[in-house]
Novice: 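What follows is a structure written as structure tokens; I'll ask about it next.
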Amino acid sequence: MKPYGFVTCYRGIIVNCANIIKIKNGTVYLGNGERLPLAQKRVLELKEKFKINIL
């Protein structure tokens, strides 16, 4: 799923990085208003992917 821009943010929760608006305090905010939990061990991976999609 990684080549397509999807990452796991928490147990069984896969998110498309193109839909992320922001990442703050262990929460992923999506464009449709949903908030998802973010596992501590995945913070760096998700932030890195998120930055790549913004540029």
Side-chain angles (χ1 to χ4, degrees):
M1 298 300 279
K2 286 184 181 184
Y4 301 102
F6 289 88
V7 292
T8 303
C9 64
Y10 201 75
R11 281 187 198 169
I13 300 175
I14 298 172
V15 64
N16 184 338
C17 290
N19 293 326
I20 297 173
I21 293 178
K22 69 179 177 179
I23 300 168
K24 186 176 180 184
N25 298 331
T27 304
V28 177
Y29 295 85
L30 302 179
N32 63 0
E34 282 194 58
R35 289 183 266 170
L36 303 173
L38 177 58
Q40 284 184 335
K41 68 180 185 179
R42 303 206 187 266
V43 171
L44 292 176
E45 175 191 1
L46 197 60
K47 282 187 176 183
E48 186 177 298
K49 268 286 214 196
F50 178 58
K51 286 178 187 176
I52 290 170
N53 282 332
I54 289 176
L55 302 174

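Sequence positions, counted from 1, serve as the residue numbers for this chain. These figures come from a predicted structure and were not determined experimentally.
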Novice: Mind checking what makes side chain to side chain contact (heavy atoms under 4.5 Å, CB included) contact with Asn25, not counting sequence neighbours?
Specialist: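 Testing Asn25 for side chain to side chain contact (heavy atoms under 4.5 Å, CB included), a comparison that skips the adjacent residues, returns none.
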Novice: Please report the shortest heavy-atom distance between Pro37 and Cys9, naming the atom on each side.
Specialist: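 Nearest pair, atom of Pro37 first, then Cys9: O-SG, 3.5 Å.
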Novice: Could you pull out all residues at least two apart from Gln40 that satisfy side chain to side chain donor-acceptor pair (under 3.5 Å)?
Specialist: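 Counting only residues at least two positions away or on another chain, Gln40 forms no side chain to side chain donor-acceptor pair (under 3.5 Å).
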Novice: Determine whether Ile20 and Leu46 make a side-chain contact, defined as any pair of heavy atoms from C-beta on separated by less than 4.5 Å.
Specialist: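 Ile20 reaches Leu46 side chain to side chain.
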Novice: Would you compute the distance between atom CZ of Arg42 and atom CD of Glu48 and round it to the nearest 0.5 angstrom?
Specialist: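 The CD atom of Glu48 is 14.0 Å from CZ of Arg42, to the nearest 0.5 Å.
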Novice: Nearest 0.5 Å, what's the CD1-CG distance between Ile23 and Leu38?
Specialist: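 Output value for this atom pair is 6.5 Å.
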Novice: Checking side chain to side chain contact (heavy atoms under 4.5 Å, CB included) between Ile14 and each of Leu36, Thr8, Val7, which is the one that passes?
Specialist: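 The side chain to side chain contact (heavy atoms under 4.5 Å, CB included) with Ile14 is passed solely by Thr8 among Leu36, Thr8, Val7.
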Novice: Please list, chain by chain and in numerical order, all residues satisfying side chain to side chain contact (heavy atoms under 4.5 Å, CB included) with Arg11, sequence neighbours excluded.
Specialist: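 If we apply the side chain to side chain contact (heavy atoms under 4.5 Å, CB included) test to Arg11, skipping adjacent residues, there are no hits.
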Novice: For Asn16 and Phe6, which heavy atoms make the closest approach, and how far apart are they?
Specialist: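 Here Asn16 and Phe6 meet closest at CB-CE2, 3.5 Å.
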Novice: Are Tyr29 and Val43 co-members of a hydrophobic cluster defined by side-chain heavy atoms under 4.5 Å apart?
Specialist: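 Different clusters.
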